[in-house]
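A quick write-up on the structure given underneath.
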Number of protein chains: 2
Amino acid sequence: MPLDSPKDPKIAAKAALDPENFALANCIRALSIDAVNAANSGHPGAPMGMADAAAVLFGKHLKFDAKNPDWPDRDRFVLSNGHASMLLYSVLHLTGYEDMTIEQIRNFRQWGAITAGHPEYGHAKGIETTTGPLGQGIATAVGMALAERRLAAEFGDDLVDHHTYVMLGDGCLQEGIGQEAASLAGHLGLGKLIVLYDDNAITIDGPTSVSFSENIPARFEAMGWHVQSCDGHDGKALDKALTAAKAETAKPSLIAMKTVIGFGSPNKAGSYAVHGSPLGKDEAALTKEAIGWSAEPFVIPDDLAAEWRAIGSRGAKARADWEARLAAKPQDTRAEFDRRLSGTLPGDYEPTLQDARAELFANPKKAATRKASQMALEALTPALPEMIGGSADLTGSNLTRVKAVDSQYTREAPGRYIGYGVREFGMAAAMNGINLHGGFIAYGGTFLVFSDYARNAIRLSALMGVGTIYVMTHDSIGLGEDGPTHQPVEHLASLRAIPNLTVLRPADTVETLEAWDIAIRNRHVPSLLALSRQDVPQLRLEAGTENLTAKGAYVIRQFGEGRDATLIATGTEVAIAVEAAEKLHAEGLSVAVVSMPSWELFDAQPEAYRKDVLGDAPRVAIEAAGKFGWTRYVASEDDVIGMTGFGASAPIDRLYKEFGITAEDAIARVKTLVGK
Amino acid sequence: MPLDSPKDPKIAAKAALDPENFALANCIRALSIDAVNAANSGHPGAPMGMADAAAVLFGKHLKFDAKNPDWPDRDRFVLSNGHASMLLYSVLHLTGYEDMTIEQIRNFRQWGAITAGHPEYGHAKGIETTTGPLGQGIATAVGMALAERRLAAEFGDDLVDHHTYVMLGDGCLQEGIGQEAASLAGHLGLGKLIVLYDDNAITIDGPTSVSFSENIPARFEAMGWHVQSCDGHDGKALDKALTAAKAETAKPSLIAMKTVIGFGSPNKAGSYAVHGSPLGKDEAALTKEAIGWSAEPFVIPDDLAAEWRAIGSRGAKARADWEARLAAKPQDTRAEFDRRLSGTLPGDYEPTLQDARAELFANPKKAATRKASQMALEALTPALPEMIGGSADLTGSNLTRVKAVDSQYTREAPGRYIGYGVREFGMAAAMNGINLHGGFIAYGGTFLVFSDYARNAIRLSALMGVGTIYVMTHDSIGLGEDGPTHQPVEHLASLRAIPNLTVLRPADTVETLEAWDIAIRNRHVPSLLALSRQDVPQLRLEAGTENLTAKGAYVIRQFGEGRDATLIATGTEVAIAVEAAEKLHAEGLSVAVVSMPSWELFDAQPEAYRKDVLGDAPRVAIEAAGKFGWTRYVASEDDVIGMTGFGASAPIDRLYKEFGITAEDAIARVKTLVGK
């Protein structure tokens, strides 16, 4: 039902394949062209090329209700090639998502608009995750599909039974993380994951053939996927492919759609010139003529607008039926389902936590903080069915697996423990997806040094405000013989530099339990626990219910009256600081030891508290890591007992001695500062 | 020729397939068992499983001369699964590499030994690259193979004609970077790259089936590889497969070897228990009995030792012939070849540089520093045939392509410009490989925010001391509308935190040229250029030949006598600092503006110089990035005009204003500090 017939005969031929769908798709094309032109920047090519597929997907397959965008059992839609943002904004507007007004579309890429250059989670309903950094959308979607299957196993198919759809381009498939995600999805047989690949043969640097010549269908088949190919501008073929993809339940599906980037543009279609630049006024006019579009900019003809709004309410009945099924459940099932989806902790969490605290004070333990982390998980996870764990193939080192979180997530049965394989980046993004889906708290482990591999997904957790929990063990040269490739040096600083991420480096069993408590409660800030391989004594011995780690830093020991010096340390080095302070006190100095498990939490404390903790006396910091950033708390990097270069391969005691991170080194520095 | 017959009949059956090779392999197994036991830590399983393949590879195929390990045309061998380090150390010792003594083997994983837990480049000859962070070995090897083909095209097959061999395990294939590398190698048809895949079906968390079920041969075929499978303990089959792999010149080769991890250990073979723990005394004895080994620990029987030493000198004649071919070349060819391989710059580099400087002073230009970077490359690369460029599919944005570096590196012809595709991590590791190979200076571009994706390869550049040049454009919120996913905030700090990396953020055309000069000269420290999308005025107007950027920071403007305040800025914010200082001066204050393109270079200056530049007056820093780390130079983060969170999508001017990074913001802070 196009308003006009396309002028271009080739386009008319495509339109004739499914005229109604073509007309719906033209609405997306027109809005995308107009918004990018108005912003004078953006990416029109992909929305124009994928519009037909979006019209079929939203028009006939996606289960959603635009007026109830938070419906837990909605299908998830992830636009992995986030630069195609106008495709998503157009569809959300057309289907009637209330916050996606035409004014927002007109303000595409402007300050304060919800229509950012790339889709930003939290800006608008219907944006299920932030995309733009390529490959992460598909990897996050894998997490959503993992979550759906697990939640269905817990609450039943009548409450949880939805698909996760992804659109992506070749960039997402070239990125390693895209391949990690595809491999994991194929391995676990995520049959409700359906990916539409925009195979337009164009990349920023020109035709994809300059850098990419894989046989994508064959590669996905080798990874255990169900694969189809079709014309991405043929609505009927797309409909058929989507129907077949849904029918295949044992494997994830890839639909490779042959498309033309910038479809409809007489002079730019099929060229990289239409990828990241506005069409401009003249070419926009020619394009609209070519596709048969005569409405004014930003105007959708009434009949098409009505058709799109009908699509937006297509799922209303299914949602109402779902509400009825939920209402018919026993009260405790309903309450638990609501609790899980709302991210509220259960009532017995706090007593469980306090029991675990009491046990530590009753029976103090010397333990590596990674072991303390396992103890915390053993204690807390029985009360938290929402916790779902995993590791990037370092379970025995990260100690992330515990009794309650032991059942393996397999193709056959979605357990609570995910073997992510040697795929740190894929794991991190999948955890974001699990948390975004709702119903879960995902945590997963690797070595701290390999946070590098996952770094941009950690950044996205922080940017989105998603409470993913990163368990990063082997957090210093203390890992010993594996040497400098495995010893983090710059990592604590580089992670502390990320906004909205809480980095926690606990000193003992008590602080580790407290760190887990912080991470579990914080559903809108990601937490990263830096944990040791080597044993440390329990330093916190005075029983109490207050979470001191939540203050970021506090005086853990005071030797003598007043202060001649303050020693600040984190993690495994707090014990060294205590040893140094004791010896300094024996020589007549009054010394406070500050344990500082989290810079971010400390900096959020009131100024008076911070001044009180840091004191006025000279300060020396001890941390078995690079010194970068410590001048926030000490006068100079000379006052940091830490590393200035990379580590080395040797037993741990030798390393601490050779790199000068001992009580004696701290004592010497304090003496220099106090002139003794 | 084993000393004894294997006691275990299954092992005897394997040994019978190629007894001589089996005996050679036993030397590797025995040394690996002994060294890991002595260190009481390490990874015996992989060396024991891959020993037969290593014996065939070194014994019959690898072109090398142990007494001349720097021979430029040697085959490169990369142990991508670096935890199998004892395999490499054993072979280097056995073949007679002089620095790899038996004492070094005995001191495996000890302080000061060259036999670190993972192979460290620079520790010993024969270690071609540092491995351990999984997937990077194969990606670095792809770079070596790229370099070989290009160098052969420049100097002829009679001087350059070698293979690059890689051994790897499933971890390297699960990692995204391994897949990026494989895809690129297949795309470019790197026929001299041969990969031996240790398919032992075991991963740290148990059988690989917990997380990995790809059809690896089919996946590699889909990526354009030549694929074979064989028994990894059958010397004759391995020999045949390697011969066939060498015969295939149009595609890279994968040989999937079915192996048993910890081969020979009666109680641990085939189990993840042998991956990362010593066998222990008893199991070591049982294993040696099982494989037919009766020599004392660390002792190699004379006949086998002699056989291995013969292997070490197997390539001596080929090397001598090669030397003769080089000697027969015209003097200028020889000189140029030697220059290229030694990493010395050509004689006309300095005059070319000075011409480019003079041109900038003669005709000052307002330009984005990414554009200034392109201008620098245009000027310098004609004098530097060793420079080989590329981009991770952002050529038009990074502006990395110039006239002299324009020819595309394709399957058919190895040009000077590599389309790495959307594979930032793979690009970074490949650039390390190109530089490690010798003969080239590799540089490549992406957006600064996506340094995250490549981060651990940047770390390896720094750890190895390899002068890879990272061209990172769109270096702040100044990129505008693409929004927070594309706007670096924490990246400058997180990169400055990496030891031995020079981060350069030039302020104008002159500083950008100077930054390139630093990067080009520095062959043992990687450089990262952070470059702007937006235009900046040329601030350096006074002609001169000295590279001021090399000092890291310097006074670029002085307003008035003495100093009431010092403004420190980097990159695009230096112009803002100058504007603020001018206005402050108009209000009667004396202000110095310090341009600080590189913290690392500044910190390496003499103390007197640093004090002089920084001055005693209150300081305010301006940088459109997170404030983390700036307390190294200013009293408090309150004195930093910068970001405290993530960016946003909007036009650039609006962003600088909203985030408070303007001359007015700087002026207000200075006034507060000086009490005006």
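This one's a predicted model, so the numbers in the text were calculated from it and none came from an experiment. Reminder, nothing fancy here: chain letters follow the sequence lines and each chain counts from 1.
- For B:Phe220, the ring pair (Phe, Tyr, Trp, His ring centres under 6.0 Å) partners at least two apart in sequence or on another chain are B:Trp225.
- Rounding to the nearest 0.5 Å gives a distance of 12.5 Å between CD of B:Glu175 and CD of A:Gln179.
- Atom CG in A:Asp205 sits 7.0 Å away from atom CG in B:Leu394 (nearest 0.5 Å).
- For the options B:Gly132, B:Ala493, B:Ala648, heavy-atom pairs under 4.5 Å to chain A are most numerous at B:Ala493.
- A:Gln174 has its side chain out of reach of B:Glu424: every pair of non-hydrogen atoms, C-beta onward, lies at least 4.5 Å apart.
- The six-membered or imidazole ring of B:Trp630 lies away from that of A:Phe628, with a centre-to-centre distance of 6.0 Å or more.
- Of the listed residues (B:Glu658, B:Glu637, B:Glu120, B:Lys627), the greatest number of heavy-atom pairs within a distance under 4.5 Å of chain A belongs to B:Glu658.
- A donor-acceptor contact shorter than 3.5 Å links the side chain of A:Ser649 to the backbone of B:Gly117.
- Among B:His118, B:His83, B:Met223, the residue making the largest number of heavy-atom pairs under 4.5 Å with chain A is B:His118.
- Proximity of B:Leu460 to A:Thr485: side-chain heavy atoms (C-beta onward) are separated by under 4.5 Å at one or more points.
- Summarising the geometry, atom CD belonging to B:Glu490 is positioned 9.5 Å from atom CG belonging to A:Leu495; distances are rounded to the nearest 0.5 Å.
- Across A:Ser213, A:Ala218, A:Gly421, the residue that shares the most heavy-atom pairs under 4.5 angstrom with chain B is A:Ser213.
- The minimum heavy-atom distance between B:Ser183 and A:Glu214, with the atom names listed, is OG-OE2, 2.5 Å.
- When the candidates A:Arg632, A:Arg459, A:Arg401, A:Met643 are compared by the number of heavy-atom contacts under 4.5 Å with chain B, A:Arg459 comes out ahead.
- Side-chain contact, A:Thr631 with B:Thr631: a donor N or O sits under 3.5 Å from an acceptor N or O.
- Residue A:Pro488 touches chain B through its backbone alone, counting heavy-atom pairs closer than 4.5 Å.
- Remark: side-chain polar atoms of A:Arg455 are not paired, donor with acceptor, to backbone N or O of B:Ala454 under 3.5 angstrom.
- A:Phe425 touches chain B through its side chain: at least one heavy atom from C-beta onward sits under 4.5 Å away, while N, CA, C and O do not.
- Rounding to the nearest 0.5 Å gives a distance of 9.0 Å between CG of A:Leu188 and OG of B:Ser211.
- Neither the backbone nor the side chain of B:Ser636 comes within contact range of chain A; no heavy atoms are under 4.5 Å apart.
- Side-chain contact between B:Asp482 and A:His43 is present, with heavy atoms from C-beta onward closer than 4.5 Å.
- Per-residue heavy-atom pair counts under 4.5 Å with chain B were compared for A:Ser41, A:Gly629, A:Ala497, and the maximum is reached by A:Ala497.
- Centroid-to-centroid, the aromatic rings of A:Phe659 and B:Trp111 come within less than 6.0 Å.
- More than 12 heavy atoms of other residues, nucleotides or ligands shown are found within 6.0 angstrom of OH on A:Tyr417.
- When the candidates B:Gly82, B:Pro133, B:Gly135 are compared by the number of heavy-atom contacts under 4.5 Å with chain A, B:Pro133 comes out ahead.
- For B:Phe450, the ring pair (Phe, Tyr, Trp, His ring centres under 6.0 Å) partners two or more places apart in sequence, or in a different chain, are B:Tyr453, B:His486.
- The most heavy-atom pairs under 4.5 Å with chain A, out of B:Ala113, B:Ala39, B:Pro484, B:Gly419, come from B:Pro484.
- A donor-acceptor distance shorter than 3.5 angstrom exists from the side chain of A:Glu180 to the backbone of B:Gly176, with no hydrogens or angles considered.
- Among A:Ile177, A:Ile458, A:Leu463, A:Asn107, the residue with the largest count of heavy-atom pairs under 4.5 Å with chain B is A:Leu463.
- For A:Ser85, no part lies under 4.5 angstrom from a heavy atom of chain B.
- Residue with the most contacts toward chain B among A:Gly224, A:Gly171, A:Gly42: A:Gly171 (heavy-atom pairs, distance under 4.5 Å).
- Side-chain atoms of B:Pro499 and A:Val489, non-hydrogen and from C-beta on, do get closer than 4.5 Å to each other.
- By number of non-hydrogen pairs under 4.5 angstrom with chain A, the leading residue of B:Arg423, B:Arg219, B:Arg411 is B:Arg423.
- When heavy atoms are compared at a cutoff of 4.5 Å, A:Ser397 does not approach chain B at all.
- Within the 4.5 angstrom heavy-atom criterion, no atom of A:Ser451 approaches chain B.
- The distance from atom CG of B:Asp393 to atom CG of A:Leu134, rounded to the nearest 0.5 Å, is 9.0 Å.
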- Apply side chain to side chain contact (heavy atoms under 4.5 Å, CB included) to the pair B:Glu481 and A:Asn40, showing each step before the final yes or no. CA-CA 10 Å; B:Glu481 292 89 343; A:Asn40 199 26; over 6 Å; no
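- Taking each heavy atom of B:Ser209 and A:His187 in turn, the nearest pair found is O-CE1, 2.8 Å.
- Residue contact with chain B, scored on non-hydrogen atoms closer than 4.5 Å, involves the backbone and the side chain of A:Thr395 alike.
- The CZ atom of B:Arg496 sits 14.0 Å away from the OG atom of A:Ser494 when rounded to the nearest 0.5 Å.
- Among the candidates A:Ile216, A:Val210, A:Leu655, the residue making the largest number of heavy-atom pairs closer than 4.5 Å to chain B is A:Val210.
- Of the two parts of A:Gln408, only the side chain, counted from C-beta on, holds a non-hydrogen atom closer than 4.5 Å to a non-hydrogen atom of chain B.
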